[in-house]
Each structure stands twice: as structure tokens, then as C-alpha cells.
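Let me begin by presenting the structure, written as C-alpha cells, before commenting on it.
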Amino acid sequence: METFFSLVILTVSYSLLILAIFPEKYLRKLSHILHHRNSPDYIKVSLAAPIFFSFLIGYSLASTMLYLFIY
């Protein structure tokens, strides 16, 4: 149970740190992979993909850190 809560806390903290470090212009490039000029405005400002990738990277970092410290 302690491992699960540690994984959750580290995942959230690393993910928020990654989101805070990267500038918004790079996050917009990640969120709108195909840069078409005729695409609607709501697609250009979508931050769903950067949030997903930051949590994925944060989970990877957290699981690696827990693996190194616990085992």
C-alpha cells in the first residue's frame, strides 16, 4: 500500500514539474501534431496530449525511482 501511494504522489509531482518546465509554445506543438492552417481554433489550443505525455513521463520516472530505491 505504501508503494502505491508513493507511486501516485511521485507520478503527480513529476508530471506537474514537467508541465511547469516546458514552455507553452512547445506544448501547443505537441498537442496539435498536424499543423494545418484550416483547422479549427479549439484544436490548436488543446492541451490533452501534453498532459497525457507529461503524466506518462512522470509515471515512468516515478516507477524507475521506486524500483531503484525499494528493490
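Start at 1 with the first residue, then count along the sequence. The figures here come from the full heavy-atom set of this structure, side chains too, leaving out hydrogens, waters and symmetry mates.
Between Leu61 and the choices Ile18, Leu66, Thr11, the side chain to side chain contact (heavy atoms under 4.5 Å, CB included) rule is met once, by Ile18.
Counting all heavy atoms, side chain and backbone alike, Ser54 lies closest to Leu19 at OG-CG, 3.5 Å. The shortest non-hydrogen separation linking Ala62 to Tyr14 is N-CD1, 3.7 Å. Ser60 and Ser63 get closest at one heavy-atom pair: O-OG, 3.0 Å.
Atom CD1 of Ile51 and atom CG of Leu56 lie 13.5 Å apart (nearest 0.5 Å).
Considering only heavy atoms from C-beta on, Leu7 comes within 4.5 Å of Tyr59 through its side chain. The side-chain heavy atoms of Leu10 and Ser13, taken from C-beta on, include a pair separated by under 4.5 Å.
Hydrophobic clustering, with ILVMFWY side chains joined whenever heavy atoms are under 4.5 angstrom apart, keeps Ile9 apart from Phe55.
Contacts of Phe69 classified as ring pair (Phe, Tyr, Trp, His ring centres under 6.0 Å), with partners at least two apart in sequence or in another chain: none.
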